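Here is the structure we will look at.
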Amino acid sequence: MKSILGREIPDDIEGYGRVTPFQGAVADVGIKTRTAVKVTSVNPNHQKLLPNLEEALDKLNITDGMTISFHHHLRNGDFVLNKVLEGLAARGVKDLTVAASSIFPIHAPLVEHIENGVVTGIVSNYISGPVAQAISKGKLKKPAIMQTHGGRARAIESGDLHIDVAFIAAPTADTYGNINGVCGKAACGSLGYAVADAEYADRTIAITDHLVPYPAYPIEISQVFIDYVVQIDSIGDPKGIVSGTTKITKDPVALIIAKRAAEVIKASGLVQEGMSFQTGAGGTSLAVAAELKKIMQQEGVRGSFASGGITGYLVEMLEEGLFRALFDVQCFDLKAIESYRDNPTHQFMSASMYGNPHTKGAVVNNLDIMILGATEIDTEFNVNVTTGSDGVIMGGSGGHSDTAAGSKLSIVVTNLMKARLPIIKDKVMTITTPGESIDVVVTERGIAVNPRRADLLEKLKMTRLPLMTIHELKQLAEKITGVPKAIETSEKIVAVVEYRDGRVIDVVRKVE
Amino acid sequence: MEKLRRTMLFMPGNNPGMLQDAAILGADSIILDLEDAVSLTEKDSARILVREAIKTIDYSQVEVVVRINPLDTEFGPQDVEVIARVKPDTLLIPKADEEEIRLVDKLLDNIEREEGYAAGSIKIIALIETALGLENVYNVIQASKRMVGVLLGGEDLTADLGIERTKEGEEIFYARNKVATVCRALKVDAIDTPFTDTNDYEGLEKDTAKAKGLGLTGKSAINPRQLDTIHSVFAPTEAELKHALRILDAMEEAEKEGKGCFSLDGKMIDAPVINRATCTVDQCIRLGLISGEGGAR
């Protein structure tokens, strides 16, 4: 069938099942049902602490075909996923589905488990590195399922994604399963992406390298959700977990893009008392925060909140009184962890509270301004952050689609050309976020407003910003780069891209 | 109306990525450098690269200036020969003296004739960076009708003087005065030396304000991140603009009433004050801060 975005998507995908195609960013609201949870209740004298990981894996009795889950708060420093898979492979378990909220280059050993049939399915919101390459080469038996941060929480809560065992890396845990991410040598701050796993998995185990006497404090994930606790030497390498400080780029082109984006925000009229804002930790995104800060200071405006993955820069803005509060699903640097631990206005949010479309209201719905990146954008404003210029998986939505859909003003900031390639295409290789939720594209050479936002265009026309149509912007890039040949793919589907409501927005095919 | 030269940004002539983005960084002028930024082994390739960049890249939003090598080296005359044929807006002549300027002027005459370009269309800016050049700056400017400005090179000048170059810049006080005064007299732009600490914005602001206070009309930059600071110093303040507009309004009023001289807020307004107000408003129009039509006041 052809989706409403013009994508050719089969009705049925082998290894995935029946496809419900994407029908619009807000096509699926109304009464929703959450799945029932299996809880193994315990007697008062029950001991949760197991002596070591080996015995824990024996006790969990994981069998062929099960789904096991992991959170990605330890990012590229995570040891837990690899250790668990190694143990399960040694036990001869096959046909596992790994539902990890994100997968990073450190998870390279997963490739061998994919090749050996230990792992045949992957569900994730962001995949980069060797695992992504292996999937794109068609090594994984079933198509990988690419979700969004809010979509993953939705899938778990609805039962679409059933987790047999959740392995929860815990920077700090007590003997009865209370967990936090703010203490311990692998401290990562907020554990927002682990909440749905803990609440909905059949069984959960906290894996920690910082076991403290009962009770741990603060408690982010409570004992009522945790079946077992086990201590290991190290759950992760702090160097890969957080950066010391997140710095604003010095790249002059990125700074121009950031300044323009801030001018767009100002012209939109959204810089006002109580405004809310989210941006990424990347160079240009963070520079937008710096430019916006200047404008907020000039105008004497105090915002209500900033949200998302939190960096030290947003913490500074909080401390300087530019926002009343932060919503933190994940901390990106040490400063953010410290603030999250010590400052009560720096608040926790789960992935579900952050972006799940099937709740009674996610934080993204209250977002005024969202700054997004893009690998490619097409003339319909559809954005790809899933596959790279070579057609290989190199990322995924994360919170991209969630925040784009929820925010009043979503701005894509990007260089018009990256290396030798134009960023604006007639058709993006993979649609991650639909054009209907992208309002404006800001590049160093011009700004294109989505024609759906005629109101915004009128406001921007009052400024001296270099406005052009998305087609003109595309031509401008192609004048310099030429038009690159399209990537050739085979028919084989290696990944299914689910929109936040679980409907299929696109598929990724095997690269030839 | 001629474009402003508040900022002239040096860009190395041997870096394709930077040449590609040079026009969009916000500088009024870009100086594509074939001299100090380029090592001896890359002189020829950089010259070709800059030529191709000017031919290919859309620089219509900025003034394209090429700093050539000194004419007494083997590279200088070749730079003029190759670069002038693709018609940059301006050539920046290092260690300029009268003789060099006359020589470049003549070379450009020939090239413009051969290529069918309007005579005198390629302009010249003299880089004053020797004691002799500084003392002779009046004659240097007079040496060619193409001359549109002087750029003061503080680093080389202080080296030539055998004195220390400091952040405070007291040692170039005289040079700045001299360049500013002569340029004003001959109605060409006076561009200040760059501020070399690219991370010290406060120092840059002070240094720029000092130059502006002495009558220099613009400043060169060695990093795009310096541009905003320099622009903000050279832009008239809102208060200055409002005051200038009030003076011009009062003048119109006085003219209507047939008054020869008039006062505003109890102060006598005479020709120099009116000239200054006209300059301020003129600059604001050029910067797009106000529209050129009277109604926009």
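In what follows, chains carry the letters A, B, and so on, assigned in the order in which the sequence lines appear, proteins first and then strands, with residues in each chain numbered from 1. Keep in mind that the numbers below use all heavy atoms, side chains included, and drop hydrogens, waters and symmetry copies. Treat the numbers as computed from the prediction; the structure is a model and nothing was measured.
No more than 12 heavy-atom neighbours from other residues, nucleotides or ligands sit within 6.0 angstrom of CE on B/M18. By the 6.0 Å contact criterion, CD on B/E238 is open, its count of non-hydrogen atoms from other residues, nucleotides or ligands being 12 or less. Heavy atoms of other residues, nucleotides or ligands lying less than 6.0 angstrom from CZ of A/R452 number more than 12. Heavy-atom contacts from other residues, nucleotides or ligands closer than 6.0 Å to NZ of B/K206 number 12 or fewer. Heavy-atom contacts from other residues, nucleotides or ligands closer than 6.0 Å to NZ of A/K427 number 12 or fewer.
Salt-bridge check for A/R445 with B/D21: passed, with a basic side-chain N closer than 4.0 Å to an acidic carboxylate O.
Contact annotation for A/K250: both backbone and side-chain heavy atoms come within less than 4.5 Å of a heavy atom of chain B. Contact annotation for B/N223: neither backbone nor side-chain heavy atoms come within less than 4.5 Å of a heavy atom of chain A.
Taking CD1 of B/I24 as the start and CG of A/L416 as the end, the distance is 9.0 Å to the nearest 0.5 Å. Here A/I256 contributes atom CD1 and B/R225 contributes atom CZ; the two are 12.0 Å apart, rounded to the nearest 0.5 Å.
Residues of residues 29-39 of chain B lying under 4.5 angstrom from chain A, judged on non-hydrogen atoms, do not exist here. Residues of residues 454-482 of chain A lying within less than 4.5 angstrom of chain B, judged on heavy atoms, are A/R464, A/I480 in numerical order.
Judged as a side-chain contact (heavy atoms from CB on, under 4.5 Å), and not counting sequence neighbours, the contacts of B/S45 are B/E42. In terms of the side-chain contact (heavy atoms from CB on, under 4.5 Å) criterion, residue partners of A/A262 (sequence neighbours excluded) are, by chain and number, A/E291, A/I295.
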